[in-house]
Protein chains: 2
Amino acid sequence: MLDKYVEVVKENLTEVKSTYSCLVTVDCVIFGYDQSSLKLLVIKCKDEPFKGQYSLLGDIVFADESLDESAKRILKQRAGLENIYVEEVKAFSAKDRHPLDRVITVAYYSLVKIGQYELKDAQDRDLQWIELSEAHNMAYDHDLILQTSMNRLKVRLRERPIGFNLLPKRFTLNQLQNLYETVLGITLDKRNFRRKLNSLDLLIDLDQTQDDVSHRPAKLYSFDMDTYKLRKKNGNLQFDI
Amino acid sequence: MLDKYVEVVKENLTEVKSTYSCLVTVDCVIFGYDQSSLKLLVIKCKDEPFKGQYSLLGDIVFADESLDESAKRILKQRAGLENIYVEEVKAFSAKDRHPLDRVITVAYYSLVKIGQYELKDAQDRDLQWIELSEAHNMAYDHDLILQTSMNRLKVRLRERPIGFNLLPKRFTLNQLQNLYETVLGITLDKRNFRRKLNSLDLLIDLDQTQDDVSHRPAKLYSFDMDTYKLRKKNGNLQFDI
DNA sequence: CCAAAAGTGTTCTGCGTACACCCATGG
DNA sequence: CCATGGGTGTACGCAGAACACTTTTGG
């Protein structure tokens, strides 16, 4: 493919570029989980026509980077986030999605352990975590992008062990269950949930307990990333909560 | 997001565009099924550096169309295909994926009933169906795009009733089973397959049989699209072969 | 009557699901 | 000793998986 294009380009690359080129951006849907609710990292627009509305973090894709690289750069430069879970969701390309010009954007979603990062290296000083329930009437088509990303997250959470990316390194089984219940919007049976997780054999029992609670302290676990990667590589991985 | 961008753009849209714009294309992975094998619709490149290699069908995205519209246009204009199953797969954006310039492409895969379309309205006269096993060493990064699309197809085939898009309107249960076995690369138990499909209740028994075979003729079925769409709308749809 | 593919039922096993009580700790 | 959340086992039903023979047609 692109054959027709190649012919034309050979005749006049400059002309083709000026006729067909368009701006490409990456938008990052950044999810965080804080005790008991799912949050979204956004900034507030300062300029018309979206002044005062929330907006996802995004930027133009530079000439010397792939889309994945662009997403990682945005997360690092603008929010100080590094080495976090990132996944492409979908391209958004409605003709009128941007008021100034034709802009195609590729959405990524990412998962952050709130608290572990302080956002202090962030370029944007006005970043803020908002409740997912407040995330509506956002700038551009970001409501749609968020909806789509949220649906993707729900699907993935059931088929891959990515929930751990939203929790501290050490977590209790109840925290994990709450995460699933919050994100998926369902309730789960405690015993069944534990049996299921046990059978997956992807948790490391740290032989530690909580120490700052005023009731029976829960046992702490961590996610066994090595086993997961190994099993993933060998295709021995099955998952379904 | 895009806020930084908006500021800059306001100062000088033309300059920003000339600095950051890039070419965006759509590539179509067109799958067809012919009796007993999965095929791919390609053209042969006529120019260097990919002369003689197979290539997916693709084109530049025009300024006045979304990516979905672009994919549909390519399928119709260049292959004469219309009203077929189409789904976005992923964006491909490696810096060096195109020899002439920075080109980001968004891949779509589509499913065609071979035979139903004659490709006669196609712009490209040198279109051809090739066996999937022949589809290697293709132009650009099309090997990677094909791999990714094929994996997507396998996943979808198990979770949504899209296999019907590859078969004639009237088909036998054995044809359907063969399709699943071919695409997924597995063998299925005939009785279990039929029981499963029966329980889905998405097939219409046409009370017709084959008439051109020299053995016991099989019953013919068609896919109940209305019921499927209704159930999909109501969220009552579960599927898992 | 022979070849070729169509069609059909039963058993077993494992997994998801429903469900209620005792335990450990801090205050 | 009380409040709070932590932690545990069993029984049932359904769906997936394994498995072999009879039926119908054309030649």
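Below, read A as the first sequence line, B as the second, and so on, with proteins coming before strands; counting in each chain starts at 1. This is a predicted model, so every value here is computed, not measured.
Side-chain atoms of Arg195(A) lie closest to dT10(D) of the nucleotides dT25(D), dT10(D), dT10(C). Of the candidates dA18(D), dG27(C), dG7(D), the closest approach to any side-chain atom of Ala218(A) belongs to dG7(D). For His215(B), the listed nucleotide lying nearest its side chain is dA5(C); candidates were dG9(D), dA5(C), dT4(D).
The distance between atom CG of Asn178(A) and atom P of dG7(D), rounded to the nearest whole Å, is 12 Å. Atom pair Gln175(B):CD and dA6(C):C1' shows a separation of 13 Å (rounding to whole Å applied). Put simply, CD on Gln210(B) is 13 Å from C1' on dG7(C), counting in whole angstrom units. Here dG9(D) presents its P atom at 12 Å from CZ of Arg194(A), a figure rounded to the nearest Å. Ile186(B) has its CD1 atom 11 Å from the P atom of dA18(D), to the nearest Å. Atom CG in Asp212(A) sits about 13 Å away from atom C1' in dG5(D), given to the nearest Å. Between Phe171(A) atom CZ and dG5(D) atom P there is a gap of 21 Å when expressed in whole angstrom units. Atom NZ of Lys196(A) and atom P of dG14(C) are 15 Å apart (whole Å).
In this model, the phosphate group of dG7(D) is not approached by any side-chain N or O of Lys219(A) to a distance below 4.0 Å at OP1 or OP2.
On a pure distance criterion of 3.5 Å, no polar donor-acceptor pair joins the side chain of Arg191(B) and the base of dA17(D). In terms of polar N and O atoms assigned as donor or acceptor, the side chain of Asn192(B) comes within less than 3.5 Å of the base of dA18(D) in a complementary pairing. In terms of polar N and O atoms assigned as donor or acceptor, the side chain of Arg216(A) never comes within less than 3.5 Å of the base of dA3(D) in a complementary pairing.
Between Asp59(B) and Arg73(B) there is a salt bridge, since a side-chain N of the basic residue sits under 4.0 Å from a carboxylate O of the acidic one. Using a cut-off of 4.0 Å between Lys/Arg side-chain N and Asp/Glu carboxylate O, Asp240(A) and Arg158(A) are scored as not salt-bridged.
Residue Lys190(A) is in base contact, counting any heavy-atom pair closer than 4.0 Å across all strands shown.
Using a distance-only test at 3.5 Å, with no hydrogens or angles considered, a donor-acceptor pair links the side chain of Asp143(A) to the main chain of Met138(A). No donor-acceptor distance shorter than 3.5 angstrom exists from the side chain of Ser70(A) to the backbone of Ser66(A), with no hydrogens or angles considered.
The aromatic ring centroids of Phe171(A) and Tyr221(A) lie 6.0 Å or more from each other.
Mapped onto DNA chain D by nearest heavy atom, Pro217(B) and Asp240(B) fall at different nucleotides, with Asp240(B) at the one closer to the 5' end.
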